[in-house]
Amino acid sequence: MSAFARTTALEPRWAVGHCGLGEAYHAGRKYKEAIAAFQKANELDTKPRSVAGLGLARYAKGETAQGLKDLQSAAAMDSTSGLPHYYLG
C-alpha cells in the first residue's frame with residue numbers, strides 16, 4: 001500500500017496509481033479508503049477497472065445496491081472485461 005500512497009503523492013493526477021491504491025486498500029479490507037481511491041481514479045480518468053473496483057469495494061463495505069450498479073456500469077463500458085462479468089455472474 002505504501003508504494004501506491006507514495007506514487008499518488010508524487011503523481012496525484014495519475015489515475016492508474018489511485019486505482020492501484022484502491023486495490024491495495026481493498027485487499028487490506030480498508031473499504032472506506034478503497035472507495036475514496038477508486039473515486040479519485042474515476043474522477044481523473046474513468047476506466048472499467050476502476051469502476052469495477054469501486055463496485056467491489058462498495059459491495060464489500062455493505063453498499064450492495066450501489067456496488068452492483070457500479071459493476072454493471074463497468075460491464076457496459078467494456079463487454080470484454082472479465083472482472084465485472086465474473087462478479088455479476
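What you see is a predicted model, and the numbers here were worked out from it, not measured in a lab. All residue numbers in this chain count up from 1 along the given sequence.
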Straight-line distance of Arg58 CZ to Ile35 CD1, nearest 0.5 Å: 6.5 Å
Spacing of Arg13 atom CZ and His18 atom NE2 [to the nearest 0.5 Å]: 8.5 Å
Between CD on residue Glu23 and OG on residue Ser50, distance to nearest 0.5 Å: 9.0 Å
Spacing of CE belonging to Met77 relative to OG belonging to Ser73, to within rounding of 0.5 Å: 8.0 Å
Residue Gln66 excluded, over 12 heavy atoms near CD under 6.0 Å: yes
Criterion side chain to side chain contact (heavy atoms under 4.5 Å, CB included) on Leu68 and Leu88, from CA distance to verdict: CA-CA 8 Å; Leu68 288 174; Leu88 289 170; 4.2 Å; yes
Minimum-distance pair of heavy atoms, taken over all atoms of His26 and Ala34: N-CB, 3.7 Å
Co-membership, hydrophobic cluster, residues Tyr25 and Tyr31, 4.5 Å side-chain: no
Between SG on residue Cys19 and CG on residue Leu44, distance to nearest 0.5 Å: 11.0 Å
Least distance between heavy atoms, Phe4 atom then Gly17 atom: CD2-O, 3.7 Å
Partner residues of Asp78 under the side chain to side chain donor-acceptor pair (under 3.5 Å) criterion, sequence neighbours left out: Thr80
Leu56 and Leu83, any side-chain heavy atoms less than 4.5 Å apart: yes
Any donor-acceptor N/O pair, Thr46 side chain to Asn42 backbone, under 3.5 Å: yes
Minimum heavy-atom distance Pro84-Leu71, with the two atoms named: CB-O, 3.5 Å
Pairwise distance CH2(Trp14) to OG1(Thr8) - rounded to 0.5 angstrom: 10.0 Å
